[in-house]
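Have a look at the structure below before the remarks.
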Amino acid sequence: MAQTVTISEISKYNGQEVTIQGWLYNMRSSGKLRFLLVRDGSATIQCVVFKNDVSEEIFTNVDKLTQESSLRVTGKVAEDKRSPLGYELQVRDVDIVQIAEEYPISLKEHGVDFLMDHRHLWLRSRLQHAVMLVRHEVIRAAREFFDNRGFVLVDSPIFTPNAAEGTTTLFGTDYFGSKAYLTQSGQLYAEASAMAFGKVYCFGPTFRAEKSKTRRHLTEFWMIEPEAAYYDLNDDMKLAEDFVSHLVQSVVKNRRRELETLERDISKLEHIKPPFPRIHYNEAAEMVKKENPEFKVGDDFGGADETIVSEKFDKPVIIHHYPAAIKAFYMKRDPQEPQSALAMDIIAPEGYGEIIGGSQREDDYDTLLQRIKEHNLPEADFKWYLDLRKYGSVPHSGFGLGIERTVGWICGTKHVRETIPYPRLMQRIYP
RNA sequence: UCCGGCGUAGCUCAAUUGGCAGAGCGGGUGGCUGUUAACCACUAGGUUGUAGGUUCGAGUCCUACCGCCGGAGCCA
């Protein structure tokens, strides 16, 4: 009875007989030879069936195999320079678990819509598999980063009674007869958590009902949001650049093979280390104005404008001190320049757009109450949030990082929908 | 919501600007002892998104609708 092993660890068993269990990715044949490409989720290996090495029955059965049929293969691990993996399996026995029906996804080209309709199967293919492993590494490294720095995971709720920044972009649900919304950010609750634990982060799905149809948008996406008491904007920016650098370096180190599979130019990631360029909004606005005459100082940047700024640098760019008028109600204004918010965004290189938005929060009770009134927000729903400014208020800051945009940038994918297993878009909620 | 593009075989696409609906892949059958999206031969496969219109004749032109794509706005 041969030992059952995973393909990614096959090099440990060179010369030994082992069993692998997986699915048939592709088969080629040549007379008395059959080449079975078998994947098991960890990697893919070529299994060579030579007619004279197996029984007549096994050889006949192999010819019945179809793409994605499930099977167990037993054979001897052999080093082979012709194999991309470095090893192949010299087959002695094949145990067919199921003969797959005609598989919809061929090895040739398909359109995006067709592939998305078959997302549940598309995840098996090489490139999608690589992207998901990078996503896994980004999330693993993100939690590692905060855990190592004394941040506590304190998650925020997904159902919320109110709208942090207006209800038009929120998904409403019926909550036992009253209205509830799906969260668009865990931040407000993270602020409360930070007052209990000092340094916290929350990580979960967030929802935006905006009718956006671009390569950068999903209606459901994952965001990781640290929040720290006694952090000012400078502390926040330092934390953010250390964080982004750690994510990129972890992927470069631990998922290099996947980046190569994706044909990502790794040299563009290797030098992503602190410090990042930091530029004042006014400075960024001047850069944009030179190339986009329609832009007016005081406006928010559009996608193309962000790219104009990010193209000037080969690292992510931190833009800070945005005009308070275009930013959220909870952001503190700079006492030195009251028209500006203590806010910062990080724009990824190569046109991948905003991956981080953060700020120092307003910590004065009266000022915050005034902002809530100015924005016509339901005061009663924010009572608990205002409480934080009544009982030991402290300066504090935080930011949110969009997982999908970050993974998209690191992988070099064209559209964020390929960076989440089952994307939700305006026109898609299947599968 | 606005702007633009596209809907032809299971999939990816072609069809000479209005004149016999085709190819590759995938499926099926057969062949080949080292294939790398293997290759070779044969084979099955169609209400050209829907409805109407113009015309001797419409995949192609016109009108409406439906679906999809990605860009703007907004954002991570």
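Bear in mind that the values here come from a model prediction, so they are computed numbers and not experimental data. Chain naming here is simple, since letters A, B, ... match the order of the sequence lines and numbering starts at 1 in each.
- Base orientation at B:U17 is syn, since its O4'-C1' glycosidic dihedral falls within 90° of 0.
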Pairs under 3.5 Å (N/O, protein and nucleotides 9-11 of chain B):
residue: B:C11; atom: O2'; partner: A:Glu109; partner atom: O; Å: 3.3
residue: B:C11; atom: O2'; partner: A:His110; partner atom: ND1; Å: 2.4

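- Going from the C1' atom of B:G18 to that of B:U55 covers 9 Å, rounded to whole Å.
- The closest side-chain heavy-atom distance from A:Leu115 to A:Ser125 is not below 4.5 Å.
- Between A:Gln187 and A:Met223, the closest side-chain pair of non-hydrogen atoms is not below 4.5 Å.
- What separates CZ of A:Arg126 from C1' of B:A37 is a distance of 10 Å, to the nearest Å.
- The separation of B:C69 from B:G49, taken at their C1' atoms, amounts to 15 Å, rounded to a whole angstrom.
- We find that CD of A:Glu88 is positioned 10 Å from C1' of B:U35, with the value rounded to whole Å.
- Using a 4.0 Å heavy-atom criterion, one finds that A:Ile105 contacts no nucleic acid atom at all.
- Here A:Tyr201 and A:Phe146 bring their ring centres to under 6.0 angstrom of each other.
- At whole-Å resolution of the value, CZ in A:Arg424 and C1' in B:C75 are 20 Å apart.
- A gap of 34 Å separates the P atoms of B:A58 and B:C2, to the nearest Å.
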Give RNA chain B the dot-bracket treatment, 5' to 3': Watson-Crick (N1-N3 with N6-O4 or O6-N4) or G-U (N1-O2, O6-N3) under 3.5 Å, [ ] crossing, | other strand.
(((((((..((((.....[..)))).(((((.......))))).....(((((..]....))))))))))))....
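- In this structure, A:Ile355 reaches the sugar-phosphate backbone alone: every heavy-atom distance under 4.0 Å involves primed, P, OP1 or OP2 atoms, never a base.
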